Undergrad: 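Just passing along the structure, written as structure tokens.
What you see is a predicted model; the values in this text were computed from it and never measured. Throughout, a chain's letter reflects where its sequence line sits, starting with A, and its residues are numbered from 1. Side chains included, hydrogens not; waters and symmetry mates left out as well; all remaining heavy atoms used.
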Protein chains: 2
Amino acid sequence: MVVDELNDETVDRLFHALADTTRRDILRRCVRGELSVSRLAEAYPMSFAAVQKHVAVLERAGLVSKQRSGREQLVRTDPDAVGRARQALDELESAWRGRVDRMARLLAEEPGTAEPQVPGIEENNTPEGPER
Amino acid sequence: MVVDELNDETVDRLFHALADTTRRDILRRCVRGELSVSRLAEAYPMSFAAVQKHVAVLERAGLVSKQRSGREQLVRTDPDAVGRARQALDELESAWRGRVDRMARLLAEEPGTAEPQVPGIEENNTPEGPER
DNA sequence: CTAACGTACAACCAAATGGTTGTAGATGAG
DNA sequence: CTCATCTACAACCATTTGGTTGTACGTTAG
């Protein structure tokens, strides 16, 4: 598994998609991938189009994928997506805390994917300003 | 440590606060708690007031706290806050995956805080619709 | 004391968000 | 074939967001 550095826009979309109760609920429901958009929409007090938009937000964030089945569009939560969110948190956290331990953890989890570590990063990690 | 169920609004605010590059950058910079708001503002291509608002968003999400020091207001990232975000992801994920293993992990981490588990939850966990 | 600094907050604005309704194109059921 | 269903998407609207400038106020430096 390549660790695949998450860029800012990706993380923005990821967290933004997660920052809504309805969308988080959709994620929970769609792990088994059996629900069509209209079926989903029945569960919420809003229009079909609104739910469609929520699914689109989740899809752009990579949290969900759609698979056509006849005239229905089945929504399926990507189980690894939450892992990516967790990775984003890890990358945030790794800027300050448990840098070494976490690195060790990663190395333990994924032997062979170790990026050659630049020696001597100590308190050098005040990131430069973002480009927003 | 009380596990403290995170309610929807809390999680909304948490992820929303994290869904912005500037705010994540502020979090990284303020772990040591030495930066005043105006000092922070120097780092970004936007006005003092804009940064002030970002800090306010982080504060409402519980990711950051301010401490007065003379005329300055020092911003400090709550190191446990990212933990809370992780917990929110855990709670999401626990709706489907590794329910048992994760529970075991929690029990291992926090012996004594185990909530008596209702036996026989199997496929019963389609949550009811949110109230949004 | 006075001036400069750091903060708070209001007012304003453009763009994005979250919702709506309406229309139209595929697809499947009968 | 025809009709109902599912989806896609545009247009519209209210609210929120992310930014601005301006003003006011407390605090510290000189």
Side-chain angles (χ1 to χ4, degrees), chain A residues 8-27 29-30 33-76 129-132, chain B residues 8-27 29-30 33-76 129-132:
Chain A
D8 286 339
E9 290 212 352
T10 303
V11 179
D12 283 2
R13 266 174 291 158
L14 197 53
F15 283 132
H16 171 252
L18 290 170
D20 182 284
T21 305
T22 301
R23 287 196 288 263
R24 288 193 303 276
D25 195 71
I26 291 178
L27 284 182
R29 289 176 188 250
C30 292
E34 298 164 338
L35 290 179
S36 64
V37 181
S38 48
R39 212 41 121 60
L40 253 184
E42 292 171 10
Y44 303 101
M46 66 186 77
S47 68
F48 169 81
V51 174
Q52 218 179 8
K53 284 190 186 181
H54 280 305
V55 171
V57 169
L58 290 168
E59 201 177 11
R60 269 185 278 123
L63 286 160
V64 128
S65 63
K66 289 188 293 187
Q67 183 192 358
R68 195 140 227 135
S69 166
R71 61 182 164 185
E72 293 185 337
Q73 195 85 268
L74 301 184
V75 181
R76 158 167 273 130
E131 69 284 350
R132 170 186 272 264
Chain B
D8 287 338
E9 290 212 353
T10 303
V11 180
D12 284 1
R13 266 175 290 158
L14 196 54
F15 283 132
H16 172 251
L18 289 170
D20 182 284
T21 304
T22 300
R23 286 196 289 264
R24 288 193 302 274
D25 195 71
I26 291 178
L27 284 183
R29 288 176 188 251
C30 293
E34 298 164 339
L35 291 178
S36 65
V37 181
S38 47
R39 214 41 123 59
L40 253 185
E42 294 171 8
Y44 303 100
M46 65 187 76
S47 69
F48 168 80
V51 174
Q52 217 179 8
K53 284 190 186 181
H54 280 304
V55 171
V57 170
L58 290 167
E59 202 176 10
R60 269 183 279 121
L63 285 161
V64 127
S65 63
K66 289 188 293 185
Q67 183 192 0
R68 225 197 171 99
S69 166
R71 61 181 164 184
E72 293 184 338
Q73 195 85 269
L74 301 184
V75 181
R76 158 166 271 130
E131 70 284 350
R132 169 182 272 264

Undergrad: Calculate the interatomic distance between Lys66(B) atom NZ and dC9(C) atom C1'; express it in whole Å.
TA: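 My rounded result for the distance is 11 Å.
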Undergrad: Mind calculating the distance between CE (Met46(B)) and P (dA14(C)) to the nearest angstrom?
TA: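 Distance check: Met46(B) CE to dA14(C) P gives 19 Å.
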Undergrad: Answer yes or no: does a side-chain N or O of Ser38(B) lie under 4.0 Å from OP1 or OP2 of dT7(C)?
TA: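 Yes, because at least one side-chain N or O of Ser38(B) sits under 4.0 Å from OP1 or OP2 of dT7(C).
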Undergrad: Counting any heavy atom closer than 4.0 Å, what does Arg68(A) reach on the DNA or RNA strands: base, sugar-phosphate only, or nothing?
TA: sugar-phosphate
Undergrad: Atom NE2 of His54(B) to atom P of dA8(C): distance rounded to whole Å?
TA: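 Spelled out: NE2 on His54(B) to P on dA8(C) is 16 Å.
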Undergrad: Whole Å only: how far is the CZ atom of Phe48(A) from the P atom of dT23(C)?
TA: 17 Å
Undergrad: Can you tell me which residue among Thr22(B), Asp25(B), Asp20(B), Thr21(B) is in a side chain to side chain contact (heavy atoms under 4.5 Å, CB included) with Asp8(A)?
TA: Thr21(B)
Undergrad: Taking only side-chain N and O atoms of Gln73(A), does any of them lie within less than 4.0 angstrom of OP1 or OP2 on dT7(D)?
TA: no
Undergrad: In this structure, how many angstroms lie between the P atom of dT17(C) and the CG atom of Asp12(B), rounded?
TA: 15 Å
Undergrad: Describe the nucleic acid contact of Ser47(A) in one word from base, sugar-phosphate, nothing, applying a heavy-atom distance below 4.0 Å.
TA: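 Answer is base: heavy atoms of Ser47(A) come under 4.0 Å of a base.
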Undergrad: Rounding to a whole Å, what distance do you find between Ile26(B):CD1 and dG18(D):P?
TA: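 So the two atoms are 12 Å apart, to the nearest Å.
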Undergrad: Between P on dT7(D) and CD on Gln67(A), what's the gap in Å once rounded to a whole number?
TA: 13 Å
Undergrad: For dA8(D), take OP1 and OP2 only and decide whether either is under 4.0 Å from a side-chain N or O of Gln52(A).
TA: yes
Undergrad: Would you indicate which nucleotide in dT7(D), dG19(C), dT7(C) comes nearest to any side-chain atom of Glu72(B)?
TA: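 The listed nucleotide nearest to Glu72(B)'s side chain is dT7(C).
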Undergrad: Given that Arg71(A) and Ala50(A) both sit by DNA chain C, which one's nearest nucleotide is further toward the 5' end?
TA: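 Per heavy-atom nearest nucleotide, the more 5' residue is Ala50(A).
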Undergrad: When you measure from the side chain of Ser47(A) to the backbone of Ala50(A), do you find a donor-acceptor pair of N or O atoms at a distance under 3.5 Å?
TA: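 Between the backbone of Ala50(A) and the side chain of Ser47(A) there is a qualifying donor-acceptor contact (under 3.5 Å).
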Undergrad: Quick one: does Gln73(A)'s side chain have a donor or acceptor within less than 3.5 Å of a partner on Arg68(A)'s backbone?
TA: yes
Undergrad: Checking the side chain of Arg24(B) only, and the main-chain atoms of Leu18(B) only, is there a donor and an acceptor separated by less than 3.5 Å?
TA: yes
Undergrad: Toward the 5' end of DNA chain C, which comes first, Ser36(B) or Arg60(A), by nearest nucleotide?
TA: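 With Ser36(B) and Arg60(A) compared, the 5'-side residue is Ser36(B).
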Undergrad: Taking Arg23(B) for the side chain and His16(B) for the main chain, is one N or O donor matched with an acceptor at less than 3.5 Å?
TA: yes
Undergrad: Would you mind reading off the distance between Lys53(A) atom NZ and dC12(D) atom C1', rounded to a whole angstrom?
TA: 9 Å
Undergrad: Give Arg23(B) one of three labels, base, sugar-phosphate or nothing, depending on what nucleic acid heavy atoms sit under 4.0 Å from its own.
TA: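 Sugar-phosphate only.
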